[in-house]
Q: 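Have a look at this one before I ask anything.
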Amino acid sequence: MPVHKILLVEDDELSARLMRFLIEREGYSMHHASDGRSALAMAQDLCPDMLILDINLPDIDGFAVLAELQQHIARYQTKVLMLTGKASEADMVKATQLGACGYLIKPFQPAELISKIQSVW
């Protein structure tokens, strides 16, 4: 079975390190971008199987990243999981309309993250 590539887009370094540990412990290959522009470039180079995408990023927000990548996501069948502190129904609806397959609100339990990832394969 091939190893799934996951691109985590998270500007908080501590959170990113924790998620890297959790994700790699499950056998996934994880890459990290700390802002939207880097995520756009990396996603096109890596063609990840999944994007775990924060909404609040320092340059362009996660919604803009998702909208920009939409044509590439469809071509490579990349799954997108939004991971954010934004808990409004409007944000959840917007993420779904833009093509996200899941939405996880911070703070989260480690088992929740892994369960969301595993549920798409």
Side-chain angles (χ1 to χ4, degrees):
M1 173 190 262
V3 173
H4 292 290
K5 291 183 287 187
I6 296 175
L7 174 56
L8 171 66
V9 186
E10 170 61 62
D11 61 321
D12 181 77
E13 288 300 319
L14 183 58
S15 294
R17 280 187 274 163
L18 171 64
M19 285 184 273
R20 176 182 292 276
F21 171 77
L22 295 170
I23 291 167
E24 289 181 341
R25 182 178 68 182
E26 295 298 318
Y28 300 106
S29 170
M30 202 204 84
H31 305 270
H32 174 239
S34 58
D35 61 68
R37 295 194 199 295
S38 298
L40 289 168
M42 289 179 74
Q44 290 187 33
D45 289 342
L46 288 171
C47 305
D49 299 299
M50 175 178 270
L51 200 68
I52 300 176
L53 182 58
D54 192 0
I55 293 175
N56 296 319
L57 297 169
D59 52 359
I60 57 177
D61 72 20
F63 292 130
V65 171
L66 183 53
E68 176 73 24
L69 287 176
Q70 205 52 351
Q71 65 192 32
H72 305 290
I73 287 169
R75 185 171 58 192
Y76 298 116
Q77 298 181 334
T78 301
K79 308 295 184 203
V80 178
L81 171 63
M82 302 304 284
L83 178 68
T84 181
K86 298 181 85 162
S88 78
E89 185 176 341
D91 288 326
M92 292 178 202
V93 169
K94 184 175 182 178
T96 301
Q97 289 172 336
L98 288 171
C101 67
Y103 199 98
L104 187 59
I105 299 167
K106 296 176 186 175
F108 60 90
Q109 294 298 314
E112 282 180 286
L113 174 63
I114 299 306
S115 177
K116 288 274 191 186
I117 293 169
Q118 291 172 339
S119 72
V120 301
W121 288 299

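Values below: all heavy atoms of this structure, side chains included; hydrogens, waters and symmetry mates excluded.
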Q: If we only count heavy atoms from C-beta on, is the Leu53 to Val65 side-chain gap below 4.5 Å?
A: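 In contact.
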Q: Taking side chain as C-beta onward, heavy atoms only, is Tyr103 less than 4.5 Å from Ile55?
A: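 Touching, per the 4.5 Å side-chain cut-off.
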Q: State, with a plain yes or no, whether a side-chain heavy atom of His4 is found less than 4.5 Å away from one of Gln118.
A: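 His4 does not reach Gln118 side chain to side chain.
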Q: Nearest 0.5 Å please: distance from the CG atom of Leu81 over to the CG atom of Leu8.
A: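 Reported to 0.5 Å precision, the distance equals 10.0 Å.
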Q: Looking only at non-hydrogen atoms, find the nearest pair between Leu7 and Met42 and report the distance.
A: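 Here Leu7 and Met42 meet closest at CD1-CE, 3.9 Å.
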Q: To check you understand the geometry: which heavy-atom pair defines the closest contact between Leu98 and Ala67, and what is its length?
A: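 Nearest heavy atoms, Leu98 then Ala67: CD2-CB, 4.2 Å.
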Q: Taking the side chain as every heavy atom from C-beta outward, state whether Leu66 and Met82 have any atom pair closer than 4.5 Å.
A: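 Contact flag for Leu66/Met82 side chains = yes.
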Q: With sequence neighbours excluded, what pairs up with Asp61 under the salt bridge (Lys or Arg N to Asp or Glu O under 4.0 Å) test?
A: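 For Asp61, no residue satisfies salt bridge (Lys or Arg N to Asp or Glu O under 4.0 Å) once neighbours in sequence are set aside.
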Q: State the CD1-OG1 distance between Ile105 and Thr84, to the nearest 0.5 angstrom.
A: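 Ile105 atom CD1 to Thr84 atom OG1 measures 8.5 Å (nearest 0.5 Å).
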Q: Asp59: which residues meet the side chain to side chain donor-acceptor pair (under 3.5 Å) condition with it, sequence neighbours left out?
A: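 Side chain to side chain donor-acceptor pair (under 3.5 Å) list for Asp59, sorted by chain: empty.
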Q: Using every non-hydrogen atom in the two residues, find where Cys101 and Val120 come nearest and quote the distance to one decimal.
A: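 Of all heavy-atom pairs spanning Cys101 and Val120, the closest is SG-CG1, 3.6 Å.
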Q: So, using side chain to side chain donor-acceptor pair (under 3.5 Å) as the criterion, who are the partners of Ser29 when residues are at least two apart?
A: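 For Ser29 the side chain to side chain donor-acceptor pair (under 3.5 Å) partners, ignoring immediate neighbours, are His31.
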Q: Please enumerate all residues that pass side chain to side chain donor-acceptor pair (under 3.5 Å) together with Asn56, with sequence neighbours excluded.
A: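 Scan of Asn56 (side chain to side chain donor-acceptor pair (under 3.5 Å), adjacent residues dropped) gives none.
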Q: How far does CD1 of Ile6 sit from CD1 of Ile52, to the nearest 0.5 angstrom?
A: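 That separation rounds to 5.0 Å.
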Q: Could you tell me which residues satisfy salt bridge (Lys or Arg N to Asp or Glu O under 4.0 Å) with Lys86, sequence neighbours excluded, listed by chain and number?
A: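 With sequence neighbours excluded, Lys86 shows a salt bridge (Lys or Arg N to Asp or Glu O under 4.0 Å) to Asp91, given in chain and number order.
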Q: What distance do Gln97 atom CD and Lys94 atom NZ have between them, rounded to the nearest 0.5 Å?
A: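 Reported value, rounded in 0.5 Å steps: 9.5 Å.
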Q: Thr96: which residues meet the side chain to side chain donor-acceptor pair (under 3.5 Å) condition with it, sequence neighbours left out?
A: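 Counting only residues at least two positions away or on another chain, Thr96 forms no side chain to side chain donor-acceptor pair (under 3.5 Å).
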Q: What salt bridge (Lys or Arg N to Asp or Glu O under 4.0 Å) pairs are there with at least one residue in residues 29-39, not counting sequence neighbours?
A: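 Listed by first then second residue: nothing to list.
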Q: Not counting sequence neighbours, which residues clear ring pair (Phe, Tyr, Trp, His ring centres under 6.0 Å) with Tyr28? List them please.
A: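 Trp121.
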Q: Report yes if the side chains of Leu69 and Leu40 come closer than 4.5 Å at any heavy-atom pair, otherwise no.
A: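 Answer yes - side chains close enough.
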Q: Measuring from Ser38:OG to Asp11:CG, what's the distance to the nearest 0.5 Å?
A: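 Here the rounded value is 11.5 Å.
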Q: Mind listing the side-chain donor-acceptor pairs of residues 16-25 below 3.5 Å, one per line with the distance, residues two or more places apart or on another chain?
A:
residue: Arg20; atom: NH1; partner: Glu24; partner atom: OE2; Å: 2.9
residue: Arg20; atom: NH1; partner: Met30; partner atom: O; Å: 3.3

Q: Hey, could you give me each pair passing side chain to side chain donor-acceptor pair (under 3.5 Å) that has a residue in residues 106-116? Not counting sequence neighbours.
A: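 Every pair satisfying side chain to side chain donor-acceptor pair (under 3.5 Å) with a residue in residues 106-116: Glu10-Lys106, Asp54-Lys106.
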